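Just so you know, these numbers use all the heavy atoms, side chains as well, and skip hydrogens, waters and symmetry mates. Just so you know, residue 1 is the first one in the sequence shown, and it goes up from there. This is a predicted model, so every value here is computed, not measured.
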Amino acid sequence: MITLENLNLLDNDGIALIKKIYNDSFPHSERRPFDTMIDLYNRHQKFNIQLVKHDDKVIGLLTFWDLGEFIFAEHFAIAAETRNEGLGAIAMNLFMDEQTKPIILEVEIPVTTLAERRIGFYQRLGYKLWDDYRYHQPSYHANENPIPMYLMTWGKIALDKKFSEIKQLVYTEIYNY
């Protein structure tokens, strides 16, 4: 059984597990420093970290922001040893079922097989790829370049009509850019 649970900051084992999954799943350029992420969770009401559990064992993490009009899913990862078993799709569907607002997320431009697979994963779940809009993920680290990305959406949100507004809100709230 897959469940999503908010991270308990007193759960050192859970924190250690998601730190490993986070660091193993995302390149340095696509992740904020882990301690900064934990600090954000501790002090920022809009930001959430959830553990993805399978039969009470932590197998992944999901971080997201409630930005009022929509949810911004910042990081979603399943541990390498449990990938390709359909657990990620179950977890993401569970997350989507819990939301009353549209969801926006970033994906890498499909120049690698892995990036193509990731886009396909989200499309199979009902996300729309907005590949006509130029978007860059601001760097999490000083003196590093932004990363070209695409945005994907799920739910009723008119990204085509509100792209500039949404992009500015994401840049301001999430990246302090």
Side-chain angles (χ1 to χ4, degrees), residues 2 4 6-7 18 21-22 25-33 36-37 40-41 44-52 60-78 83 86-142 144-177:
I2 297 290
L4 301 175
N6 289 340
L7 175 65
I18 65 163
I21 294 167
Y22 182 66
S25 300
F26 297 98
H28 171 80
S29 61
E30 292 179 26
R31 67 177 193 262
R32 67 178 77 243
T36 303
M37 185 173 76
L40 271 173
Y41 178 61
H44 207 301
Q45 291 181 350
K46 294 179 183 180
F47 182 65
N48 200 343
I49 300 174
Q50 290 189 327
L51 307 176
V52 177
L61 79 147
L62 175 63
T63 68
F64 64 94
W65 296 78
D66 185 336
L67 297 180
E69 185 178 335
F70 62 90
I71 301 296
F72 185 85
E74 187 174 11
H75 292 100
F76 174 60
I78 299 295
R83 287 187 196 141
L87 302 175
I90 294 168
M92 184 53 71
N93 273 313
L94 186 60
F95 174 69
M96 291 159 51
D97 288 346
E98 293 176 350
Q99 303 311 312
T100 59
K101 301 174 184 181
I103 301 169
I104 298 176
L105 54 82
E106 301 163 332
V107 290
E108 296 168 342
I109 292 177
V111 294
T112 66
T113 301
L114 183 59
E116 289 174 358
R117 288 183 63 207
R118 189 170 293 119
I119 289 169
F121 168 81
Y122 286 113
Q123 287 175 322
R124 285 187 299 279
L125 294 173
Y127 283 79
K128 175 178 175 40
L129 178 65
W130 295 88
D131 55 356
D132 291 340
Y133 292 85
R134 296 188 53 79
Y135 177 85
H136 288 80
Q137 176 192 58
S139 177
Y140 287 114
H141 310 283
E144 290 187 16
N145 293 326
I147 303 165
M149 297 265 190
Y150 289 142
L151 294 178
M152 296 188 80
T153 59
W154 176 83
K156 294 186 180 197
I157 188 160
L159 188 76
D160 52 342
K161 293 181 175 67
K162 294 185 166 191
F163 177 73
S164 294
E165 176 186 328
I166 288 169
K167 180 174 132 180
Q168 188 56 50
L169 182 62
V170 167
Y171 280 11
T172 302
E173 290 287 330
I174 295 162
Y175 298 105
N176 294 317
Y177 184 71

**OP:** Identify, with sequence neighbours excluded, every residue that meets salt bridge (charged side-chain N to carboxylate O under 4.0 Å, His left out) alongside Glu165.
**Re:** none
Rounded to the nearest 0.5 Å, what separation is found between the [atom1] atom of [X] and the [atom2] atom of [Y]?
X      : Y      : atom1 : atom2 : value
Ile21  : Ile78  : CD1   : CD1   : 7.5 Å
Ser25  : Glu30  : OG    : CD    : 11.0 Å
Asp131 : Leu151 : CG    : CG    : 11.0 Å
Ile166 : Glu69  : CD1   : CD    : 6.0 Å

**OP:** Show your reasoning for whether side chain to side chain contact (heavy atoms under 4.5 Å, CB included) applies to Arg32 and Ile174.
**Re:** CA-CA 10 Å; Arg32 67 178 77 243; Ile174 295 162; 3.6 Å; yes
Contacts of type ring pair (Phe, Tyr, Trp, His ring centres under 6.0 Å), residue [X], not counting sequence neighbours:
X      : result
His141 : His28
Phe47  : Trp65
Tyr133 : Trp130, Phe163
Phe64  : Phe95

Qualifying residues under side-chain hydrogen bond (donor to acceptor under 3.5 Å, both in side chains), relative to [X], sequence neighbours excluded:
X      : answer
Asp160 : none
Tyr140 : Glu74
Gln168 : Thr172
Thr36  : none

**OP:** Please lay out, stage by stage, how Trp154 and Lys128 fare under the test side chain to side chain contact (heavy atoms under 4.5 Å, CB included).
**Re:** CA-CA 6 Å; Trp154 176 83; Lys128 175 178 175 40; over 6 Å; no
**OP:** Please lay out, stage by stage, how Met92 and Tyr127 fare under the test side chain to side chain contact (heavy atoms under 4.5 Å, CB included).
**Re:** CA-CA 11 Å; Met92 184 53 71; Tyr127 283 79; 3.6 Å; yes
Please report the shortest heavy-atom distance between [X] and [Y], naming the atom on each side.
X      : Y      : answer
Lys167 : Arg134 : NZ-O, 4.2 Å
Leu61  : Val52  : N-CG2, 3.9 Å
Leu129 : Gln123 : CB-NE2, 3.8 Å

**OP:** State whether the number of non-hydrogen atoms from other residues, nucleotides or ligands found under 6.0 Å of Arg117 atom CZ is greater than 12.
**Re:**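 Result for CZ/Arg117: open.
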Subject >> Pairs where residues 144-156 contributes a residue and the test salt bridge (Lys or Arg N to Asp or Glu O under 4.0 Å) is met, not counting sequence neighbours >> reply: none
Original post:
Which class fits the ring pair Tyr22 and His75: parallel under 30°, tilted 30 to 60°, perpendicular over 60°?
Top reply: perpendicular
Does any part of the side chain of [Y], heavy atoms only, come nearer than 4.5 Å to the side chain of [X], both counted from C-beta?
X      : Y      : result
Tyr41  : Asn6   : yes
Asn48  : Thr63  : no
Phe76  : Tyr122 : yes
Met152 : Ile119 : yes
Tyr171 : His136 : yes

Original post:
Is the backbone of Phe26 close enough, under 3.5 Å, to the side chain of Arg31 for a donor and an acceptor to pair up by distance?
Top reply: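 At least one qualifying donor-acceptor pair exists.
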Side-chain donor-acceptor pairs under 3.5 Å in residues 101-114, sequence neighbours left out?
from   : atom 1 : to     : atom 2 : distance (Å)
Lys101 : NZ     : Asp66  : OD1    : 2.7
Lys101 : NZ     : Asp66  : OD2    : 3.1
Lys101 : NZ     : Gly68  : O      : 2.8
Glu106 : OE1    : Gln137 : NE2    : 3.0
Glu106 : OE1    : Tyr175 : OH     : 2.9
Glu106 : OE2    : Tyr135 : OH     : 2.5
Glu106 : OE2    : Tyr175 : OH     : 2.8
Glu108 : OE1    : Arg118 : NH1    : 3.2
Thr112 : OG1    : Ala115 : N      : 3.0

**OP:** With sequence neighbours excluded, tell me which residues meet side chain to side chain contact (heavy atoms under 4.5 Å, CB included) with Glu98.
**Re:** Leu4, Gln50, Leu94
